[in-house]
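Read through the structure below, which is laid out as C-alpha cells, and then see the notes.
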Amino acid sequence: MAVRAICVWNGLILALLLVAVDGQTSGPLFMVTFPAVIESESTAKLCITLLKPQESLTMTVSLLDDTNETTQLVQQILSKPFHSCFSFQAPRVDGESVQKLKVEVQGQVFRATEERKVMFRRYLPLTFIQTDKPIYNPGQTVNFRVVTMDPRFVPFDQMYSLVVLEDNNNNRIGQWTNVSSTQWILQLSHELNPEAQIGMYTLKAFIDDRMISQVFEVRKYEFRFWFSFAQV
C-alpha cells in the first residue's frame, strides 16, 4: 500500500512519498522528501526516513530523465530506524524538464517501487541597467551601471560580451566589448554629442544570447530659478 501527499512548507512545495508493507501500519514505513521544483545545476537535497524496520532493506533512489536514462542518487542498506538527508547535483536543463525520481526498496520479504515527478528549471540571472538621470541635454555625459544578480537576488561579477548605446534612430553611438563588472557593478559612461538629436536612446547589455535594455531621453531643457523679493 502506498500513501501519497503534497504539502507546502515555508512556500516551498515538497513531494512526499510514504510506503507501507501490505497496508499494515505495524510494518516498515519509508518517507522520501524532495523539492517538487529544483533549479538547474544546483545542489539539491532529498531526505530519507525509515520507521519500524523488520529486516535489512536496500533502498535505492534514482533519477530518470525524459529518455529514461537512469542516474543513481542514493543507495543505503538500512536495518534500524533512520533519518538522513543527502545532496545531489541537479542536471543541467534548458528551460524546464519534468523527470522522475524513482525509489526502490528491497528486502527478503518486502519489495516496493514508487516514482514521482520532479521539475528541473533553469532560472536566468537578473540584470539591471541604471542611468544616473532619466533625461539628458545634448552634450552631457551619460553615466550608467549594469548589475547582475542570481535568482536569490545576490549580486555577482558578470562578463558582458557586448554593451551598446543606440540613438533614437537605432544607430550605434557607443560600444564596449567583453567588459566585466568589478565588485558586482559595471560602471560606464558616454559623452553625448552637443548636436545629438532629441528622442529616446537605448542602452543594451548582452550576456551570451540574452539581451537586457534600458531607455533614457535626450532633449533640451533648462533649469529656471524664480526669486521673489518682499518689500521692507
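Side-chain atoms are counted along with the backbone in the values below, which use heavy atoms only and exclude waters and symmetry mates. In what follows, residues are counted from 1 in the order of the sequence shown.
Side-chain contact between Glu39 and Phe120: absent, with no pair of heavy atoms (C-beta onward) separated by less than 4.5 Å. In this structure, Leu63 and Pro91 have side chains that are in contact, with non-hydrogen atoms separated by less than 4.5 Å. Side-chain contact check for Ile38 versus Phe88: some heavy-atom pair is nearer than 4.5 Å. A 4.5 Å side-chain heavy-atom check between Val218 and Asn168 finds every atom pair outside the cut-off. In this structure, the side chains of Ile185 and Val146 stay at 4.5 Å or more apart for every pair of heavy atoms. With contacts defined as side-chain heavy-atom distances shorter than 4.5 Å, the pair Leu101/Leu73 qualifies. Asn143 places none of its side-chain heavy atoms less than 4.5 Å from the side chain of Thr131. Val98 is not listed as a side-chain neighbour of Val118, based on a closest heavy-atom distance of 4.5 Å or more.
In this structure, Tyr201 and Leu165 approach most closely via the heavy-atom pair CB-CD1, 4.4 Å. For Arg219 against Pro138, the heavy-atom pair with the smallest separation is O-CD, 4.0 Å. The two atoms that bring Ile212 and Ile129 nearest to each other are O-CD1, 3.6 Å, heavy atoms only. Scanning all heavy atoms of the two residues, the minimum distance from Gln72 to Thr60 falls at OE1-CG2, 3.8 Å. Between Lys45 and Pro35, the shortest heavy-atom distance links the atoms O-CD, 3.3 Å. Taking all atoms of both residues into account, the shortest heavy-atom contact from Ser79 to Pro53 is O-CG, 3.5 Å.
A chain of hydrophobic side-chain contacts below 4.5 Å, direct or via other Ile, Leu, Val, Met, Phe, Trp or Tyr residues, connects Val103 to Phe86. Hydrophobic clustering of Ile, Leu, Val, Met, Phe, Trp and Tyr side chains at less than 4.5 Å, counting indirect connections, unites Val179 with Leu203. In the hydrophobic cluster analysis, where Ile, Leu, Val, Met, Phe, Trp and Tyr join through side-chain heavy atoms closer than 4.5 angstrom, Phe206 is grouped apart from Leu186. Val215 is not connected to Leu192 by any chain of hydrophobic side-chain contacts under 4.5 Å among Ile, Leu, Val, Met, Phe, Trp and Tyr, and they are in different clusters. Note on Leu78 and Val74: same hydrophobic cluster, where clusters join Ile, Leu, Val, Met, Phe, Trp and Tyr whose side-chain heavy atoms are under 4.5 Å apart, directly or indirectly.
Distance OG/Ser42 to CG/Asp150: 11.5 Å, rounded to 0.5 Å. Atom OG1 of Thr58 is separated from atom CD of Gln75 by 6.5 Å, given to the nearest 0.5 angstrom. Note that CD of Gln99 is 12.5 Å distant from OG of Ser62, once rounded to the nearest 0.5 Å. In this structure, Ile207 CD1 and Leu124 CG are separated by 9.5 Å, a value rounded to the nearest 0.5 Å. Rounding to the nearest 0.5 Å places CG of Leu51 at 7.5 Å from CE of Met31. Atoms NZ and NZ, from Lys117 and Lys100 in turn, are 7.0 Å apart once rounded to the nearest 0.5 Å.
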Legend entry - CA sep, side-chain torsions, deciding dist, call: Thr33, Leu46, side-chain contact (heavy atoms from CB on, under 4.5 Å): CA-CA 6 Å; Thr33 65; Leu46 62 87; over 6 Å; no
Inset, instruction - For side-chain hydrogen bond (donor to acceptor under 3.5 Å, both in side chains), just list the numbers for Gln197 and Asn169, CA-CA rounded to whole Å, side-chain angles, deciding distance to a tenth of an Å, and then say yes or no. - result: CA-CA 9 Å; Gln197 298 182 23; Asn169 290 317; 3.2 Å; yes
Inset, instruction - Show the numbers, then the answer: is there a side-chain contact (heavy atoms from CB on, under 4.5 Å) between Val105 and Arg111? - result: CA-CA 6 Å; Val105 183; Arg111 294 184 180 182; over 6 Å; no
Inset, instruction - Before giving the answer on side-chain contact (heavy atoms from CB on, under 4.5 Å), spell out for Trp184 and Gln158 the whole-Å C-alpha distance, their side-chain angles and the decisive distance to 0.1 Å. - result: CA-CA 7 Å; Trp184 312 330; Gln158 174 67 54; over 6 Å; no
Inset, instruction - Could you go through the side-chain contact (heavy atoms from CB on, under 4.5 Å) check for Met59 and Ile48 one step at a time? - result: CA-CA 9 Å; Met59 182 176 203; Ile48 299 173; 3.4 Å; yes
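For Asn137 (side chain) and Gln140 (main-chain N/O), no donor-acceptor pair under 3.5 Å exists by modelled atom type. The backbone N or O of Gln108 sits less than 3.5 Å from a side-chain atom of Glu55, completing a donor-acceptor pair. Looking at Gln89, its side chain does come within 3.5 Å of a backbone N or O of Glu41 through a donor-acceptor pair.
Within 6.0 Å of atom CD1 in Ile77, 12 or fewer heavy atoms from other residues, nucleotides or ligands are found, so the atom counts as exposed in its surroundings. In the displayed structure, Arg210 atom CZ is contacted under 6.0 Å by more than 12 heavy atoms of other residues, nucleotides or ligands. Open room surrounds CD1 on Ile198; 12 or fewer heavy atoms of other groups in view lie less than 6.0 Å from it. For Lys133, the NZ atom sits in a packed shell: over 12 heavy atoms of surrounding residues, nucleotides or ligands are nearer than 6.0 Å.
Between the side chains of Tyr160 and Thr148, at least one donor N or O lies within less than 3.5 Å of an accepting N or O. Under 3.5 Å, the side chains of Glu166 and Asn171 contain no donor-acceptor pair of N or O atoms. For the residue pair Gln130/Arg145, the side-chain donor-acceptor check at 3.5 Å is satisfied.
Partners of Glu104 by salt bridge (Lys or Arg N to Asp or Glu O under 4.0 Å), not counting sequence neighbours, listed by chain and number: Lys102.
Aromatic pair Trp176/Phe144: ring centres closer than 6.0 Å.
Pairs of residues two or more places apart, or lying in two chains, never qualify as salt bridge (charged side-chain N to carboxylate O under 4.0 Å, His left out) while including a residue from residues 56-82.
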